[in-house]
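Taking it in order: structure first as structure tokens, then the write-up.
Counting begins at 1 with the first residue of the sequence.
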Amino acid sequence: QVLLVESGGGSVQAGGSLELSCATSGVIFSRCGMGWYRQAPEKEREMVSTIKADGTTAYADSVKGRFTISRDIDKATVYLHMSDLKVEDTAMYYCAADRVVPMEGYGSAYYCAGPGTWGQGTQVTVSS
């Protein structure tokens, strides 16, 4: 069973920094990816940053150069370091683990099918 617990959110002034943590249980980082997503009031949830099993990272255009995703395999934790925060970064931030889908009839083969397990979220509020 996969379990994700986010922490590190809070209130900060524009230009400040925060680091979010996602403690995981039941996730094998070498299999599939992890990601951070956010949802602002009355807006759809959007991808912020992802990190694949091979360590490849991706970022939304709006956060490139300001946010950094990383992971500590020994601690089973994924991080999102956010700097130069803007008011428009205000949102609930969620950690997600990609689904590991077995390929039936192909032994231990599997494929990764996008975010399937979500944490409870941590609120980030940026004030001007």
Verdict with supporting geometry, Tyr59 and Met47, side chain to side chain contact (heavy atoms under 4.5 Å, CB included): CA-CA 8 Å; Tyr59 298 90; Met47 185 276 288; over 6 Å; no
Residue list, side-chain hydrogen bond (donor to acceptor under 3.5 Å, both in side chains) with Asp74, at least two apart or on another chain: none
What distance separates [X] [atom1] from [Y] [atom2], expressed to the nearest 0.5 Å?
X: Ser30; Y: Lys52; atom1: OG; atom2: NZ; answer: 15.5 Å
X: Tyr110; Y: Arg31; atom1: OH; atom2: CZ; answer: 6.0 Å
X: Thr77; Y: Met34; atom1: OG1; atom2: CE; answer: 9.0 Å

If you take all heavy atoms of [X] and [Y], which pair is closest and at what distance?
X: Arg99; Y: Gly116; answer: CG-CA, 3.2 Å
X: Leu4; Y: Ala97; answer: CD1-N, 3.6 Å
X: Ala96; Y: Pro115; answer: CB-CB, 3.8 Å
X: Ala91; Y: Ala40; answer: CB-N, 3.8 Å
X: Gln123; Y: Met92; answer: N-SD, 3.5 Å

Residues which pass side chain to side chain contact (heavy atoms under 4.5 Å, CB included) with Ser25, listed by chain and number, not counting sequence neighbours: Leu3
Under the side chain to side chain contact (heavy atoms under 4.5 Å, CB included) test, residues paired with Tyr111 that sit two or more places apart: Val101, Met103, Ala113
Ring pair (Phe, Tyr, Trp, His ring centres under 6.0 Å) against Tyr37, all qualifying residues, sequence neighbours excluded: Trp118
Linked, directly or transitively: Tyr94 and Leu85 (ILVMFWY side chains, under 4.5 Å): no
Cluster check Ile73, Val5: I/L/V/M/F/W/Y, side chain < 4.5 angstrom: no
Neighbour count >12 (heavy atoms, 6.0 Å) for atom CD, Gln13: no
Sole residue of Val63, Val78, Ile51, Thr50 in side-chain contact (heavy atoms from CB on, under 4.5 Å) with Trp36: Val78
Side-chain touch Tyr79/Ile69, heavy atoms, less than 4.5 angstrom: no
Validation row: Phe67, Val48 side chains within 4.5 angstrom (heavy atoms): yes
Would you be so kind as to tabulate the donor-acceptor pairs closer than 3.5 Å made by side chains of residues 16-24, with sequence neighbours excluded?
residue: Thr24; atom: OG1; partner: Ala76; partner atom: O; Å: 2.8

Between [X] (side chain) and [Y] (backbone), is there a donor-acceptor pair under 3.5 Å?
X: Thr125; Y: Ser11; answer: no
X: Ser49; Y: Ala58; answer: yes
X: Gln39; Y: Glu44; answer: no

Qualifying salt bridge (charged side-chain N to carboxylate O under 4.0 Å, His left out) pairs with a residue from residues 78-98, counting only residues at least two apart or across chains: Arg38-Asp89, Arg66-Asp89, Asp84-Lys86
